[in-house]
Structures are given as C-alpha cells and as structure tokens.
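Take a look at the structure below.
Here is the naming used below: chain letters follow the sequence lines, and residue numbers restart at 1 for every chain. These numbers come from the heavy atoms of this one structure, side chains and all, not from hydrogens, waters or symmetry mates.
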Amino acid sequence: MIPLVYALRDVKQTYGPRTVLNVPSLAVEEGEVVSIVGPSGAGKSTLLRLLALLQPPSSGAISLHLDRRIITAANATTADRRQMAMVFQRPVLLSRSAYDNVAYGLRVRGERDADDRIREALAAVSMSELAGADARTLSGGEAQRIAVARALVVQPRVLLLDEPTANLDMGTARLIEDLIATQRSAGTTVILVTHNIFQARRLATRVLLLMEGDLVENALTRQFFESPRDPRTAAFVAGDLNY
Amino acid sequence: MITSLDAEVLAIAGRSLQVTVSALAISVAIGIPAGAWLALAHLPGKRLLTTVVYTGMGLPPVVVGLVVYLMLSRAGPLGSLGWLFTVRAMVLAQVIIATPLIVGVTMSSVLAVDPSLREQVRALGATPVQETLAQLFEARFGLLVGLVAGFGSIISEVGAVMLVGGNIEGRTRVLTTAIVLETRKGNFDLGLALGIILLALAFVTNLAMVMAQGRVGNPR
Ligand SMILES: Nc1ncnc2c1ncn2[C@@H]1O[C@H](COP(=O)(O)OP(=O)(O)O)[C@@H](O)[C@H]1O
Ligand SMILES: [Mg+2]
C-alpha cells in the first residue's frame, strides 16, 4: 500500500463572508504529482498555502503524514517544515546574489560545503552565468527560475509549486517541466498549481479542478481528460470555461 | 588655524568623537531591537507607540538638554549620580535625542520589506528567529541610513550638550560648543577651522559607511 501524504476533511477557507475554498475530502499518496487547475481566483493558491501548512484552514482538517507523524499547521515543527519546499506564485527573492538565494535553504539547515549542490541547482535552471548577479536585478523569468532552484536544492519530500512556469518562455518552461518530471521519477510528492492544462497532462498523475472554491473534479490524469465525471471538467478542458 | 593644530583642538575633536560614538552605540543597541520589535510584533496600542516614536524623532534637542539638566541637577531625581557637566551627561542627552531616530528608521525600513518574504523563507525551512534575521537583513540599507543620520545629528548637536556639559575647557568642550565660544569671542578663524574639522569627521565617517554599504550590495 502506498503511504498517504496528505489527508483533507471538510476543509473550508473563508475570508470575511466569502468562502473561497471548499474541499470535502482529498487524499494524496506519496510520490504522486497532483496538478491543481482552474480559472483565476478559483482558490488554487489558497489550497496550496494550506497544503504548505502556512496557515490552518478556517474549518476542517488538513494533515501531512510523514514518517508516522501527523503534521498540521498547528503542530508543525521546523524539522517538519524542512521536509517541504514551496515556490510561490510571486516569488520574493532575498536581496543577495542569485547564488546566495539558492544557498539560503541549505544555510538555514546548517549545511555548509554545499557549493557543488548549489552550482548544480543553478545549472539545472540554466542560471549558472547569473550566479553572481544581484537577485533584484533579475527579470521575472530569471527570478522564477531561481525560486525553483532554491526549492529543489533542499531536496524536499513534498514540493509545492504555484504556477512555476507562468513567467517563462516556452524553452525555459520546458526546462522546469523536465525538472518536475525528474522529481516525479525520484519519488518526490509534487503539488503543481498550473494555469496550463497541457502542462498538467504532461506531468501529473492526478488532476484536480477547482472552480469558485469547489473541488469539481479529482481524477487520474487520463480519466480527467478523457472521461471526466463533471460536465464542467469537459467544458474547462475544451476551453469553454478557460478564463 | 588648522595648520597649527594644537593639543587642545585635537582633544576637543577627540571628545566630540567619543561622545558621538558612545551615544550612537547605545542608541543603536536600544533602537534597532526596539524598532524591529515595533515593526514585527502584534500588539495593542501599536499606533500610539508609533506616534510616540515619530514625535521623539522630532524632539527639540535644547528641550531634551533642559530636561536632562533638571534631572541631573543637585535637586533632581538623578542628582546623586553627579553627572551634570560631565561627558556622561552629554552622552545621556544625545542618546535620548538619537534613539527615537534609530527606532523610527529601523521600524520603517523593516516595514518596507515585502511582507511575503517571511513566509517564503519559512517555506524554505527557516526557523522563526531565522525569519526575523532575514527580514532585518533585507532592511539593512535602511538601518545604515539610520546610522548615518544618527551620527550626523549627534556630532552636530550643540544646544543640549552646551546645557548639560557646560562647555568646560579640557573636560566637556566639544567641536560644536567650541565653535559657539570662539565665534562669540570673535575668533572667526579658529571657529571656521573647528567647523572644517567637524565636517571632515562627518565626511570620513559617512565615507566609511558608504563603503560598508557597497560591501553588502548596492542599494537601488
Ligand atoms: N488573504 C486573503 N484575503 C482575502 N481574500 C483572499 C485572500 N487570499 C485569497 N483571497 C481570495 O480568495 C480567492 C481565491 O484566491 P487564490 O487562491 O489566490 O486563487 P487562484 O490562485 O486560483 O487564482 C480570490 O477571490 C482571492 O481574492
Ligand atoms: Mg494563484
């Protein structure tokens, strides 16, 4: 049996009177690549933040299961958090060099002598040449790649990505997709928010469709695209509901 | 003139630096943690505290001097310390003037850091202390500005140090109070020379800070 990584029950997130997320039930198994798709404002980033245990949901329960520990936003220790890494939709880089940004996660873990790993991570996102550049001078796409590199370099067991290729040209987007595929092969659990359903199709083992906060579809990738249960999924895939 | 720098003038310049560096060190030791705490803590009455700090940034130095004078005078609450007309009294007054400046500048530069930074470094494995350090490090250019402004305001201050130090020759006379005295006596040459030394000290210190800033990365 494949171990469970995430279990969600009756999760609701509200802001004032608005319910922006409503997930009655969801389970994620170890090694899955789960893609979250849906229109803008559907609650994708909100769900990802909850999965990162950055905030507890307004109601309901979210737990991360690792090494027989049941981890929630309330009881997560730093050691627990260090099993995850997240790339935000709008990455904020530290005002240091690109290299130091990639090194950050390793430094806070007290890992020295990691120069090889840092250079390797920079090379993987083809940012070796800009290693010494001030991170604040980088373009949006370059910053995005550094954000991916600084999350990958810590070798998380759970990788949370919020539209990691949104600012990238096609070539670089493919580069990041290859990195995600490598993570999939390595058995990392990946949660990938994307606005691009083709990307979900290429990378995910399972796809979730969110609409106005509701989990409309939760299906294996093939089924999601070929025989979805909800008519809105077929319409979304066909582009009728795309933005 | 400057060419005939005598021991007295050197001693005065040295005392100015001594007062300034001591007062700045104390203000920074209090002001940076206090400013960071004010920026980051969730507490009731934060607006009021912030208003108090901003008001403190604009305290008239001569009023601070008067209050410190009254507190340190023989009948005052701190009279038993015997600090009046000593360098300590001058440092005390300068600390009261400069600390709100350091607190205010620290607070605003920490608040100017992107609020999402904290959770982004948390999502990379930072501990709460490391999160705060990351935020402070982002604010480092602002902190340096506070240091420069604090140094400038302390070394050029005259009213408070005149009141609580008394401009005693060989003991509490500093560059600014000496300039006032020499100007009154009509020794404009000497007054100007002392003024040039004051400017030179400020320039050299600022140069050192600008170079330090270059080393931590160029601000934009
Ligand atoms: N901190 C917040 N306060 C209030 N509303 C929020 C907050 N975060 C997100 N929302 C709202 O929740 C909804 C879902 O946002 P989000 O999860 O970012 O959507 P998506 O990532 O799918 O575009 C949006 O309408 C957004 O305005
Ligand atoms: Mg989003």
Comparing A:R49, A:Q55, A:M86, A:R107 against chain B, the one with the most heavy-atom pairs below 4.5 Å turns out to be A:R49
Side chain, backbone, both or neither: which part of A:L93 has an atom under 4.5 Å from a heavy atom of chain B?
-> backbone
From B:L124 atom CG to A:F88 atom CZ, the distance as rounded to the nearest 0.5 Å = 8.0 Å
Listed by chain and number, what are the side chain to side chain contact (heavy atoms under 4.5 Å, CB included) partners of A:S97, not counting sequence neighbours?
-> A:Y99, A:D100
Within a radius of less than 6.0 Å around CZ of B:F203, do more than 12 heavy atoms belonging to other residues, nucleotides or ligands occur?
-> no
Between A:A52 and chain B, which part of the residue has a heavy atom less than 4.5 Å away: side chain, backbone, both or neither?
-> neither
Partner set under side chain to side chain contact (heavy atoms under 4.5 Å, CB included) for B:V129, not counting sequence neighbours = B:T127, B:L133
Is the number of heavy atoms from other residues, nucleotides or ligands within 6.0 Å of CD1 (A:I70) greater than 12?
-> no
Within the distance-only criterion (no hydrogens, no angle test), does the side chain of B:Q130 pair as donor or acceptor with the backbone N or O of A:R109 below 3.5 angstrom?
-> no
Can you check whether A:V92 reaches B:V121 side chain to side chain, under 4.5 Å on heavy atoms?
-> no
For B:R88, look at atom CZ and say whether over 12 heavy atoms of other residues, nucleotides or ligands are found less than 6.0 Å away.
-> no
Taking every non-hydrogen atom, the tightest pair across B:P128 and A:T78 = CD-OG1, 4.3 Å
Report, as yes or no, whether the 6.0 Å neighbourhood of atom CG on A:D169 holds more than 12 heavy atoms from other residues, nucleotides or ligands.
-> yes
In terms of heavy-atom contacts, does CZ of B:F151 have more than 12 from other residues, nucleotides or ligands at under 6.0 Å?
-> yes
Are the side chain of B:E138 and the backbone N or O of A:S95 linked by a donor-acceptor pair below 3.5 Å?
-> yes
Minimum heavy-atom distance A:R90-B:S116, with the two atoms named | NH2-CB, 4.1 Å
Taking B:R122 as the fixed residue, which of A:L54, A:V108, A:L53 is the one that meets the side chain to side chain contact (heavy atoms under 4.5 Å, CB included) rule?
-> A:L54
